Amino acid sequence: MTAVELSNVTYGYEGAPAVEDVSLSVEEGEFLGLVGPNGSGKTTLLKLIVGLLRPDSGTVTLFGEPAHDFSDGTRVGYVAQETTGTESGMPITVREVVSMGRYPHVGLGRFGEDDVERVEAALETVGVSHLVNRRLSTLSGGQRQRVFIARALAGDTDLLALDEPAVGIDAESREEFYELLGTLNDAGMTVLLVEHDIGVVTAFASTVACMNRRLFFHGDSLSFSESDALREAYGANQRLLDHTH
Ligand code: ADP
């Protein structure tokens, strides 16, 4: 089944197009790495996919429903860029953050024993059980990103959308972090990863989408390496690309 379907999607900020005529479909169980130069519209595209923005034209569907009024919010987990995550400085504990993942299921009812168990299991899966009573503001960037993933897992997420999640993570923990995403994907989670490190994408993702406002490529990692899409999409940024590689 198709998890995400974009059809001729265009979106601009005050008239300046950030995403132009993008059509893309992501199958359930796909691990898609989204790459492109700085300012190429990756964050905007991710926000359109999770329904935080509504396209100026074209359509976005999630599991067959329009993304902007997707009824089952718990199926989609969004982990924003570390630098833009407003929750990072909040005086709340890890347990409280991850419990929020259950709220849509609990509604106005009582937080039951199985909700508690789901929270514990999510903490365990991402390896932050020992931090459960810590305040979010005292954690490292990598620990915080894991907590946000745990919140998504606690809510029965099928699709995890992450925007440069490794930005606040030290180099040694990065590999482990991407492996965690791989493990979740192996267990059936559809993963959308915005990532500037193309090496990471070709190593961990099964498919690659490469954009610069428009979509230049969507296909498997191997044919991406062999294609000209990277050069085309990065254009004048080629020097930067050589530098990061
Ligand atoms: P990326 O994630 O690839 O760096 P973005 O989606 O963040 O790209 O940005 C795409 C373009 O849209 C950039 O030119 C950026 O300056 C512009 N942009 C992003 N967010 C806003 C905003 N809130 N208001 C105006 N312009 C924006």
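These numbers were taken from a predicted model, which means no experiment stands behind them. Whatever order the structure lists them in is the order used to number ligands and atoms, beginning at 1.
The closest side-chain donor-acceptor pair between D220 and S223 falls under 3.5 angstrom. Between the side chains of S57 and Y11, no donor-acceptor pair of N or O atoms lies under 3.5 Å. No side-chain N or O of T10 forms a donor-acceptor pair with one of D56 less than 3.5 Å apart.
When hydrogens are left out, the protein atom nearest atom 13 (C) of ligand 1 is G39 O, 3.7 Å; that is the closest non-hydrogen contact. Of the protein's heavy atoms, T43 CB, 3.6 Å lies nearest to atom 7 (O) of ligand 1. Closest to atom 8 (O) of ligand 1, if we only count protein heavy atoms, is G41 N, 3.1 Å. At the shortest separation from atom 23 (N) of ligand 1 among protein heavy atoms lies Y13 CE2, 3.8 Å. Scanning the protein for heavy atoms near atom 5 (P) of ligand 1, the closest one is T44 OG1, 3.7 Å.
The structure places CE of M1 at 10.0 Å from OG1 of T190, a figure rounded to the nearest 0.5 Å. Rounded to the nearest 0.5 angstrom, N212 CG and Y234 OH are separated by 8.5 Å.
When each atom of ligand 1 is checked for a heavy atom of P37 under 4.0 Å away, the hits are 3 (O). Of all atoms in ligand 1, listed by their number and element, those nearer than 4.0 Å to a heavy atom of S40 are 1 (P), 3 (O), 8 (O). Atoms of ligand 1 lying under 4.0 Å from at least one heavy atom of K42, given by number and element, are 1 (P), 2 (O), 3 (O), 4 (O), 6 (O), 8 (O).
For the pair S25 and E30, the tightest heavy-atom approach, listed with the atom from each and the gap, is O-OE1, 4.3 Å.
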Legend entry - Test log, rule salt bridge (Lys or Arg N to Asp or Glu O under 4.0 Å), inputs E232 and R214: CA-CA 11 Å; E232 287 165 10; R214 291 185 297 111; over 6 Å; no
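For A16, the closest heavy-atom approach to ligand 1 does not fall below 4.0 Å. Not a single heavy atom of G36 lies less than 4.0 angstrom from ligand 1.
Put simply, atom 15 (C) of ligand 1 has no protein non-hydrogen atoms near it, under 4.0 Å away.
A salt bridge is defined here as a Lys NZ or Arg NE, NH1 or NH2 lying under 4.0 Å from an Asp or Glu carboxylate O, and R95 with E120 meets this definition.
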